[in-house]
Amino acid sequence: MRNLLPLISSHPGGRSSLTCRFRCGDACFKETPNTSDNEYAGDIIARAVSRRSMMRAAAVVTVAAAAGTAALTGPNAPQAEAVALAGHGHEPPHKPAPSGARGLRFSPVAPNKDDKVTIPDGYSQNVVIRWGEPILRGAPAFNPDKQSAKAQAGQFGYNNDFLSLLPLRGERGRQVLVANHEYTDEILMFRGYDPANPTREQVEIAWAAHGLSVVVVQEEHRTGKLGPVSRHPLNRRLTATSEFRVTGPAAGSDLLRTSADRTGSRVLGTLNNCAGGTTPWGTTLHGEENFNQYFANGNTAEHKRYGIGTGATERKWERFDRRFDLAKEPNEANRFGWVVELDPYDPDSTPRKRTALGRFKHEAAQPRLTSDGRPVVYMGDDEKFDYLYKFVSSKRMKKGTSRAAREHNLTLLDEGTLYVAKLTGDSPAAEIDGTGKLPTDGEFDGSGVWIPLATGTTSHVPGMTADEVYVYTRLAGDKVGATKMDRPEDVEPSPRTGRVYVALTNNSDRGKEGKAGADEANPRNANKHGQILELAENWDDPAGDGFAWRLFLVAGDPNDPATYFSGFPKESVSPISCPDNVAFDDHGNLWISTDGNQLGSHDGLFGVATHGDRRGELKQFLTVPTGAETCGPVIQDRRVLVAVQHPGEVDGASVEKPASIWPDGPGKIVRPSVVAVWRKDGRDIGV
């Protein structure tokens, strides 16, 4: 047997301390915000036994219904997968074919530490757009030594994360690219930056570099290369000072009112937008994640539960705008931590913060539709020991692109019910020992319930009003005993099967004294590598209140006994650590980008089969440069897009002493960018 791969960082999650400072405000080194004593799955296993048979039966029906399209993989696939999800512990026999799963037929990239985007043989790539490239009329070309807030407000923003590519009718070869700009790293943006004394100009540039970009991109004929169409009428920048509407049941709440907005319905800016989602009605969703780090002088229990510190912030924005000082504007932080909906086809529209979806550190928000056309949005709260949520709309989507249909569909996420998840394992507690060893039934699996938190103006949480549930959603989850998870990040329903996949990135605190120990959904103490949870709604009803679940992947070195790849032979998979963003291709494969690889390689993008006799086959498609994280991704038939975020973000790095020369070579400033990858022969990816 090969030796285990070496760990290369003792820092939580494998990130550099520089990344932790600027991305999440050193969350790993601070007290875990969730100090509630609500039960976790290991405490409630005994109560699950009496209803295990009922839930397993529901799981079989769920998967049989969901696998209707998956039957294309073979006549026995639905039955085999139903048995697996029901927890019988026996995967179908694997008979690997040399070509691999359809959509994953490429030579996997080996783990590496190269300062470039490394892709499979037979593929090509290009940088689609870089930080600072002009996209609006009048914006100047990027000059790192002559930056200004006005220029940045017309240029592509910093640290691109979520990406969406939307069709553009009537313009051949063009699509609409929407990107999140999660955070700024001023040390890598400005020469001679002094963290203790930022200038107003630097702060205002950072405000302009946050937010969202909408830019039309053009495909080059006969290749997969994409490039921006500068000054297109749909191009748009939204920043930390743009206007956003607050909608839904908490709009106008006293908890959202400030001296500058006494209506509680208008907010300046969107901050720390991480992943997101694309709706069936043609809008994009953007999750405000680590917003807490921008606010100084927190002084309430609610501030503490959301990780807001009691002193000054890293960026010192409170020196230049009183709204970032909670001693002066105690409600301003309540206006962040929402899901934002943007209409990229209407450059004059005001984006909306959807309060019905709750307020927490939103990693992403990807909808699916019920059988009668109501959207259901799944969401993770990216914090150690926080929760998994879903929202079920009470309205049906209208089909078509008429004005009436679009106006109606822009109200879908304002009315419905918000839920939080409680998971129960089906194995004896003694078998979940924190090492990651599989229980005797051969899988980590069980059942779960969706606990309602609020519907419209009605609270389902004793002792909390509906406004309090929406604004302090974490506290509502605490009160109802939701399951503490290992940093639930991106959550994506499969368009083929309806199953929902949850990226649980890591949790180095699990099992520590005073912290929740291992449970069947989070089976490893001091969890460095994370896992992927697969969830099947009972009766394939996204609006239902029950589900079956199992762990689809337990990440790490395949040679480590504490890893699991749905029973696929571990000698035939790529090593993976810290799953973050996820997406699907048209073959039903799940694509996983990583953040904080702890296995001696740069972060990357991986594809894994989710059904058929190659279920669990995982292959690495690319790696990103030194210090970077893989974000996005977008998987099209003939193109893969990734956002290369924070390249060169290594401890000790600066503009003067760069740790990376990507993307433009020596002597050039390091720039976060979007990259496209395609096959040289023009055929579909991985076939």
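Atom set for the values below is all heavy atoms of this structure, side chains included, hydrogens, waters and symmetry mates excluded.
Residue pairs satisfying the salt bridge (Lys or Arg N to Asp or Glu O under 4.0 Å) criterion with at least one member in residues 142-159, sequence neighbours excluded, are listed as follows: D145-R191. For residues 229-243, the pairs satisfying salt bridge (Lys or Arg N to Asp or Glu O under 4.0 Å) are E243-R266, with sequence neighbours left out. Within the structure, the ring-ring contact (aromatic ring centres under 6.0 Å, His included) test picks out the following pairs touching residues 253-286 (sequence neighbours left out): F162-H286. Pairs passing the ring-ring contact (aromatic ring centres under 6.0 Å, His included) check and including a residue from residues 219-238, sequence neighbours excluded, do not occur. Residue pairs that meet the salt bridge (Lys or Arg N to Asp or Glu O under 4.0 Å) test with at least one member in residues 268-284, sequence neighbours left out, do not exist here. Evaluation of the salt bridge (Lys or Arg N to Asp or Glu O under 4.0 Å) test over residues 210-219, restricted to residues two or more places apart or in two chains, returns E219-R639.
For A454, the side chain to side chain contact (heavy atoms under 4.5 Å, CB included) partners are V469, Y470, not counting sequence neighbours. With sequence neighbours excluded, the residues forming a salt bridge (charged side-chain N to carboxylate O under 4.0 Å, His left out) with R671 are D664, listed by chain and number. The salt bridge (charged side-chain N to carboxylate O under 4.0 Å, His left out) check on D321 picks up R323, with sequence neighbours excluded. Under the salt bridge (charged side-chain N to carboxylate O under 4.0 Å, His left out) criterion, R319 pairs with no residue at all, not counting sequence neighbours. R322 pairs by the side chain to side chain contact (heavy atoms under 4.5 Å, CB included) definition with S259, K328, E329, not counting sequence neighbours. By the salt bridge (charged side-chain N to carboxylate O under 4.0 Å, His left out) test, D585 pairs with no residue at all, sequence neighbours left out.
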